[in-house]
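Presented below is the structure to which this report refers.
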Amino acid sequence: MKILVCVTSVPDTITKITLTDNNTKLNKAGVQFITGPYDDYALSRAVELKEQLGGTVTVLNVGESDADPVIRKCLAIGADDAIRVNAEPTDAYFVAEQIAAIAKENSYDLILMGRESIDYNGGQVHGIVGEMLGLPSISPVMKLAIDGSTAKITREIEGGHEELEAGLPLVLGCQEPIAEWKIPNMRGIMSARTKPLKVVEPTGKDTLTHIANYELPPARGACKMIPASEAETLIKLLRTEAKVI
Amino acid sequence: MSVLIFAELDEGALKKSSLEAIYYGSKVAALTGTSATAIVLGEGKADELAKAGRFGATKVLHASDAQLNEGNAMAYASVVAEAANQEGADVIVLAKSSLADSMAARLAGKLKAGLAANVIELPDVSSGFRVKRSIFTGKAFAFTELTAEKKILAIKKNTITPEETEATATVEAFKPALNDTDFAVKVTNVEKASGDILLPEADLVVSAGRGLKGPENWGIVEDLAKALHAATACSKPVSDLDWRPHHEHVGQTGIKISPNLYMACGISGAIQHLAGVNSSKVIVVINKDPEAPFFKSADYGIVGDVFEVLPRLTKAVQEL
Ligand SMILES: Cc1cc2nc3c(=O)[nH]c(=O)nc-3n(C[C@H](O)[C@H](O)[C@H](O)COP(=O)(O)OP(=O)(O)OC[C@H]3O[C@@H](n4cnc5c(N)ncnc54)[C@H](O)[C@@H]3O)c2cc1C
Ligand SMILES: Cc1cc2nc3c(=O)[nH]c(=O)nc-3n(C[C@H](O)[C@H](O)[C@H](O)COP(=O)(O)OP(=O)(O)OC[C@H]3O[C@@H](n4cnc5c(N)ncnc54)[C@H](O)[C@@H]3O)c2cc1C
């Protein structure tokens, strides 16, 4: 089993977003970068599958060198090697082209991604890569089991889930509860230092989108407190004042 | 040139979010001086197809092949791509959903289209084509230029308030070429709560967290939701503990919703929870701890015990 896991390096979920340069850039000062939580699920499942079935797990990031700590952490969690395509990932189509190019060179059985990045929330890279490689893509995947050359998958749908079966190779966008997030142990951290991280230059430069500037949401007004003894008043206010019921 | 809207059926009826997408698409068409065509896949009732006209589509393409009754993202993307080519559509609009999201991603690959997800306003077409979209799970917005010839806009719920008119649309049968490779993934089983209001579609949501103490106590949450005709949701620990099904989990790692009303009962308001619900129009928080962080992000708050407050709210709704 040869598995490719695509990971993003994104601001921690507790980050308060601020802007710089006349609102044309996100302020990275003081921001802690982490592996995308969905990518973490994908990686954890990949490592479990490797332990169960044998094979290799390669981590891939399209990004600049500031993503290296996140990549090293993925190696510490159990990936065998890593590739970084050295480019600022400014557009989903561009990112997908890079991933597809690496995948074509190496023919993986499984290409695992997160269901969406937690920065730009596009939820599209897996689908575009699937299309570029002529492979099925499925997202969001909650469960994944491998039986020979067949994958058994549970996918979340609105109000429930569906069970699917498909032959490998496949591109999947993962979410919980596909696996428990793994925390690197000391041995993993030590061995990660010597695992190969190959840096390659990008191919192509198709970008289809461009962010002109950013904006932060307006603060919510003050919270109107209603004493518990007059709880019924809330329902009246929702009807007459907020007009939502 | 035209605007093509992917309109989704649920149990034979057009989804509410799709009506919003049709209306939005018709406004984009007006802005760009073209017309709006809706495409509907799978068997649907005739009066449902006509509805697309009342929400702004001038034409409806209906691909009624029974093979398309099952929401298959890959086959859908092929059909929508074929329709887009036939219609010369440069802009494709859809409402975010679990099916539409997967379909849109494949479609972006097929058409080499720029895809903007979580669009929250009509585009600015004064110079180029610029959309405002929500990023960082609602913590910021990005004004994004779509520079490719083909553009896909995935709109978030409550982006626009649709108005229904008496207008009618012509309905045309659409017979796309279906290929086997799009049906390579086999669906072996579907489990879906029927009759319930779908959480991403719901205007009103009653949500509860660990403050409810255990799954056996959800009756008071469901009673209030029922009285309000609301959907139910929950925090991540609640679904992790299997108190509630995973598809009810909202937040950073769960479903992102933007209803008119979000009522959070016994939820502390962690930043990862807020990320999934912060674009709700009105937020109500009920928590026994006056220091709970959620009150800082709420419009209305009650400091109180959910076991006492919720039944009283239910009664008050019933007496409205
Ligand atoms: C300075 C800067 C400028 C940007 N400008 C733009 C812009 O103009 N327009 C725009 O759309 N976006 C822009 N982005 C966002 C960036 O392009 C995104 O990384 C890319 O669009 C993919 O994000 P997504 O949300 O669509 O990914 P999704 O489709 O949500 O990601 C799904 C999965 O794909 C994989 N994946 C995504 N990105 C990568 C990656 N870089 N490396 C490896 N795997 C990955 C992960 O497994 C992820 O979980 C900018 C980012 C930066 C840092
Ligand atoms: C990467 C990451 C992603 C995450 N993603 C999500 C996500 O998507 N969604 C999510 O929800 N969380 C997410 N979390 C978890 C999040 O940080 C919080 O732990 C979680 O939201 C807390 O859930 P809760 O509010 O139900 O429980 P708690 O934090 O335990 O809060 C329970 C609340 O109930 C109140 N309470 C107790 N008894 C009563 C009573 N009788 N009446 C009234 N109030 C009462 C308490 O005062 C307390 O405020 C994520 C965390 C991480 C690290």
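Every heavy atom of this structure was used, including side-chain atoms; hydrogens, water molecules and symmetry mates were not. Numbers restart at 1 for each chain; the letters A, B, ... are given by sequence-line order, proteins then strands.
- In this structure, no portion of B:Ala73 lies under 4.5 Å from any heavy atom of chain A.
- Looking at A:Ser229, only its backbone comes within 4.5 Å of chain B, counting heavy atoms on both sides.
- Neither the backbone nor the side chain of B:Asp305 comes within contact range of chain A, judged by heavy atoms closer than 4.5 Å.
- For B:Thr137 and B:Lys256, the side-chain atoms include no donor-acceptor pair closer than 3.5 Å.
- With hydrogens and angles disregarded, a donor-acceptor distance shorter than 3.5 Å links the side chain of B:Lys157 to the backbone of B:Glu201.
- Within the 3.5 Å criterion, the main-chain N or O of B:Ser258 finds a donor-acceptor partner in the side chain of B:Asn158.
- Only the side chain of B:Gln272 comes within contact range of chain A, with heavy atoms under 4.5 Å apart.
- Heavy atoms closer than 4.5 Å to chain A are found nowhere in B:Thr181, neither backbone nor side chain.
- Heavy atoms closer than 4.5 Å to chain B are found in the backbone of A:Leu135, but not in its side chain.
- A donor-acceptor pair is defined here as one N or O able to donate and one able to accept, closer than 3.5 Å; no such pair exists between the side chain of A:Asn23 and the backbone of A:Leu19.
- A donor-acceptor contact under 3.5 angstrom links the side chains of A:Glu176 and B:His246, judged on distance only.
- Residue A:Ala212 touches chain B through both its backbone and its side chain, counting heavy-atom pairs closer than 4.5 Å.
- At a 4.5 Å heavy-atom cutoff, the contact between A:Tyr120 and chain B is made by backbone and side-chain atoms alike.
- Only the backbone of A:Glu230 comes within contact range of chain B, with at least one heavy atom under 4.5 Å from a heavy atom of that chain.
- Although no hydrogens or angles enter the test, the distance criterion places a donor-acceptor pair under 3.5 Å between the side chain of B:Thr147 and the main chain of A:Leu208.
- B:Ala275 does not touch chain A: none of its heavy atoms, backbone or side chain, sits under 4.5 Å away.
- Checked by atom type and distance alone, the side chain of B:Arg133 never pairs as donor or acceptor with a backbone atom of B:Phe141 at under 3.5 Å.
- The part of B:Asn118 that comes within reach of chain A is its side chain, from C-beta onward, which places non-hydrogen atoms under 4.5 angstrom from that chain.
- For chain B, the nearby parts of A:Ala242 are the backbone and the side chain; heavy atoms of each come within less than 4.5 Å.
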